[in-house]
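Taking it in order: structure first as structure tokens, then the write-up.
Each ligand, and each atom within it, is numbered from 1 in the order the structure gives. Computed from heavy atoms alone, side chains included, the values below leave out hydrogens, waters and symmetry copies.
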Amino acid sequence: MTIHTELLNQLRQIVGAPNVLTEGDLEAYELDWRRRERGRSLAVVRPGSTEEVAAVVRACVVAKVSMVPQGGNTGMVVGSTPDASGTQVLLSLQRMNRVRKLDAGNLTITVDAGCVLQNIQDACEKDGFLFPLSLASEGSCTIGGNLGTNAGGTQVVRYGNTRELCLGLEVVTAQGDIWNGLTGLRKDNTGYDLRHLFIGSEGTLGVITAATMKLYPMPVSQLTAFAAVPSMEAAVELLGLAHRFLSSGLTGFEVMGQFALSLVAKHYPQQRVPFWQETPWCVVLENSDNESETHARECLERLLEAAMEQGCVTDAVVAESMAQAKALWHIRESIPLAQADEGLNIKHDISIGVSRIPEFVRLTDAALTKAFPGARLVTYGHLGDGNLHYNVQAPASDDAARFLNEEEAPINALVFEFVDQFNGSISAEHGIGSLKVEKLEHHKSPVALSLMRNIKLALDPHNLMNPGRVIRL
Ligand code: FAD
Ligand code: 2HG
Ligand code: ZN
């Protein structure tokens, strides 16, 4: 019996034979969301409990077989799919999808790692609470993946990244031990905060099996406005006004370039996209209010009046109903899907200090369009957090696959050089995965890289947890 056959038999005993998939159509697990790379696994293993995850990890350690944790497989950087070797175990957390406990007094919810984000939001809403993490992939991404990537999304300007929402974790270590850190404490200075090592580690240090997350009271009113702005400078000016007029009521502030919106209008003609033909940029913003809808509307209208007076808004609509608000947000959330429909593309998920974003966009746009004539810039994102999706689509007349093959490396080099010049980050919210491993080595200091390698070696000395992702040994 080969070592792999023996391992597969053990895995069947641990999770049950139907939960060890070795044949049939495994594309959903083995192909990344962006269709960049198709991997091949030794098996897709679907444990149903933390104890089963621990037993699977222990069996893989003995067999020296590496593991790739996976949630909803919606990641953007090819980090949750196996490599092409056919020797890795793909560890899917999807069956672990129970809400363990909602503690109304402590304002926390404890959930299995495989819970789909939207199901957590719904469970909280049912009891009058808000779980504010919000991404367009929320119908399929899992809280384990959100924690693994420290996902951002559209409410970070008020509530922070996934890291800020997490009060505790349960983790299966790379040795197969179970660490229960589900305390739900808001204060706990008893040495190193282990939770923060695992958050954002993209499955390279251990497997997150459960989490305790913060809740907020559901706001009385959430009002959305969609505004035409004449320039990126004006968008940043509007953001300043929004902070001033709405204070902590400002729960979302997204910018969208004209070409990005044109892709939504083209691929989803049923969506009515306001203003896009008349203005280079639009902003969608949200005001959440704990007093009343009337108060929320007054604040938002005062903000828009001031912005129009200053000339940083040229036109605006305020949603009259929840359905209208959803439709306006849907336009923004449809951009990545419209971009995928348009063809293979190059993504830059970058962050820069908010005040310097207009200058960054002006200089980088000019350099890119000069060096790559016809390249189409799909710029949009979380301006409130200084996080742009500064994406590039092949020229309309070009073959997208050829363009990617030949131009992706020089385009990345150009964009990231500007990001460095502006002291920015080459990955604001999507992580490193395998797509940006080399880039990380180029852009992080030797001291930072060495500290990261030491952490990896200390927690996963045999390099069996998602090897080759984030940091190479
Ligand atoms: P996966 O893709 O399965 O995994 C992502 C990484 O986490 C991998 O490295 C994997 O190994 C690791 N991982 C998964 N589960 C675990 C676990 N239990 N323990 C340890 N490691 C684990 N991202 C944002 O940040 N902001 C956005 O606004 C946003 N919008 C998106 C919109 C669309 C349309 C799409 C398709 C994606 C978007 N994303 C966004 C990216 C993606 O949805 C997030 O990164 C999300 O957090 C991934 O969750 P997942 O469950 O799909 O994880
Ligand atoms: C978003 O903000 C996501 O919509 C996806 O982070 C970004 O596709 C992208 O580049
Ligand atoms: Zn984003």
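Under 2.8 Å from the Zn ion (ligand 3) lies no N/O/S atom of His430, from backbone or side chain alike. Put simply, Asp349 stays out of reach of the Zn ion (ligand 3), with no N, O or S atom under 2.8 Å from it.
Shown here is His330, whose NE2 atom has no more than 12 heavy atoms of other residues, nucleotides or ligands within 6.0 Å. The number of heavy-atom neighbours closer than 6.0 Å to CD of Glu406, taken from other residues, nucleotides and ligands shown, is above 12. Heavy atoms of other residues, nucleotides or ligands lying less than 6.0 angstrom from CD of Glu438 number 12 at most.
Taking a cut-off of under 4.0 Å to the non-hydrogen atoms of His382, the atoms of ligand 1 that pass are 28 (O).
Every N/O-N/O distance between Leu93 and ligand 1 stays at or above 3.5 Å. The N/O atoms of Pro336, backbone and side chain alike, include none that comes under 3.5 Å of an N/O atom in ligand 1.
Here the heavy atom of the protein found nearest to atom 29 (C) of ligand 1 is Leu135 CB, 4.0 Å. Among protein heavy atoms, atom 31 (C) of ligand 1 sits closest to Ser137 OG, 3.8 Å. In this structure, the protein non-hydrogen atom closest to atom 23 (N) of ligand 1 is His430 CD2, 3.6 Å. Atom 2 (O) of ligand 1 has as its closest protein heavy atom Gly75 N, 2.8 Å.
Nearest residue to atom 47 (O) of ligand 1 from Thr162, Asn146, Val53, Val78 is Asn146 (criterion: closest heavy atom). Of the options Gly144, Ser80, Gly71, the smallest heavy-atom separation from atom 16 (C) of ligand 1 is shown by Gly144.
To the nearest 10 degrees, the angle centred on the Zn ion (ligand 3) between NE2 in His382 and NE2 in His389 reads 100°.
Checked against the Zn ion (ligand 3), the N, O or S atom of Glu429 at the shortest distance is OE2.
Counting heavy atoms under 4.0 Å from ligand 2, residue Gln339 does not touch it at all. Residue contacts with ligand 2, taken as heavy atom pairs separated by less than 4.0 Å, involve His430 solely via side-chain atoms from C-beta onward. Proximity of Asp349 to ligand 2, defined as any heavy-atom pair under 4.0 Å, is not found for any part of the residue.
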